[in-house]
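In listed order, ligands and their atoms are each counted from 1.
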Amino acid sequence: MKRVAILLSGGGSNMVALVRSMAGDHPARPCLVLSNDPGAGGLDRARDMGIATAAVPHRPFAGDRAGFESALSRPLEAAAPDILCLAGFMRILTPAFIERWRGRILNIHPSLLPAYRGLDTHARALADGAAEAGCTVHEVTAALDDGPILGQARVSVRPGDTAATLAARVLVQEHRLYPAVLRRFAACDRRPVWLDATDHVAG
Ligand code: GAR
């Protein structure tokens, strides 16, 4: 059975989807939910589900990423995960940290990578008049929002969409995609998962 640590900074809806998926014949189980924000809503949700949690605030380490990561690594190493899932974890990790867990870190990003790396993905897609949006799960490498793609889910942009309505529709797909990718990845199957929301608006 693989052990999965989930790193988050916010509400943790992807974490909840991942934790719920790891049951029955799933080849992995959650071992830790870890945050850079002690106030992250995701920590409460994890505790409610009986998952061990830890928080390492990044603010005291301003400008000292290596110091922050060495503090973050303490609870992480103690939990001995096989796989790290970044689920709305909004800190950039150093190459040294990524090297330590090479080939074992997954991330979900709210765009169809390689389009729209970074922040404000939905607003940027709308500003460009994109017909489709979506999300990507990829292996984390030292380059930001890069690394081998392990799955994507696509949604159509609808007339009148705002960044908020699009984000909400993509988030529903994130909750399908991330568990589907993790299930395969935990079974050492790296074939990408392609999902289509099949909610295309005619015309
Ligand atoms: C998700 O939409 C995720 O794709 C995004 O943050 C949100 C977290 O929501 N991640 C990034 O933007 C990473 N650069 P959640 O806390 O409800 O899972």
Has C135 got any heavy atom lying under 4.0 angstrom from an atom of ligand 1?
no

Fellow cluster residues of M1, listed by chain then number, with links counted only when side-chain atoms sit under 4.5 Å apart
none

Show your working on salt bridge (Lys or Arg N to Asp or Glu O under 4.0 Å) between D25 and R183 and close with a plain yes or no.
CA-CA 10 Å; D25 67 353; R183 178 180 274 272; 3.3 Å; yes

among protein heavy atoms, the one nearest atom 13 (C) of ligand 1 is M90 SD, 3.8 Å

When you measure from the side chain of R154 to the backbone of W194, do you find a donor-acceptor pair of N or O atoms at a distance under 3.5 Å?
no

Taking only heavy atoms of H109, which atoms of ligand 1 are found under 4.0 Å from at least one of them?
14 (N)

Quick one: does L8 get a heavy atom under 4.0 Å from ligand 1?
no

For atom 18 (O) of ligand 1, which of the options V170, V137, D145, N14 provides the nearest non-hydrogen atom?
N14

Where does the angle between the aromatic ring planes of H58 and F68 fall among parallel (under 30°), tilted (30 to 60°) and perpendicular (over 60°)?
perpendicular

Starting from atom 15 (P) of ligand 1, which protein heavy atom do you reach first, and at what distance in Å?
S13 N, 3.4 Å

Is it true that a side-chain atom of E69 and a backbone atom of T94 form a donor plus acceptor pair closer than 3.5 Å?
yes

In ligand 1, the atoms that come under 4.0 Å of a heavy atom of P110 are 4 (O), 5 (C), 10 (N), 11 (C), 12 (O)

Run the numbers for me: atoms of ligand 1, each under 4.0 Å from some heavy atom of G88, listed by number.
6 (O), 8 (C), 10 (N)

E174 neighbourhood, listing ligand 1 atoms whose heavy-atom distance to it stays under 4.0 Å
1 (C), 2 (O), 3 (C), 4 (O)

Any side-chain to backbone donor/acceptor pair from D161 onto R158? Under 3.5 Å, distance only.
yes

List the closest protein heavy-atom neighbour of atom 16 (O) of ligand 1: residue, atom name, distance to the nearest 0.1 Å.
G12 N, 2.8 Å

CZ/R20: more than 12 non-hydrogen atoms of other groups inside 6.0 Å:
no

Would you indicate whether R117, at its atom CZ, is surrounded by more than 12 heavy atoms from other residues, nucleotides or ligands within a distance under 6.0 Å?
yes

Taking a cutoff of less than 4.0 Å between a non-hydrogen atom of the residue and any ligand atom, is G11 in contact with ligand 1?
yes

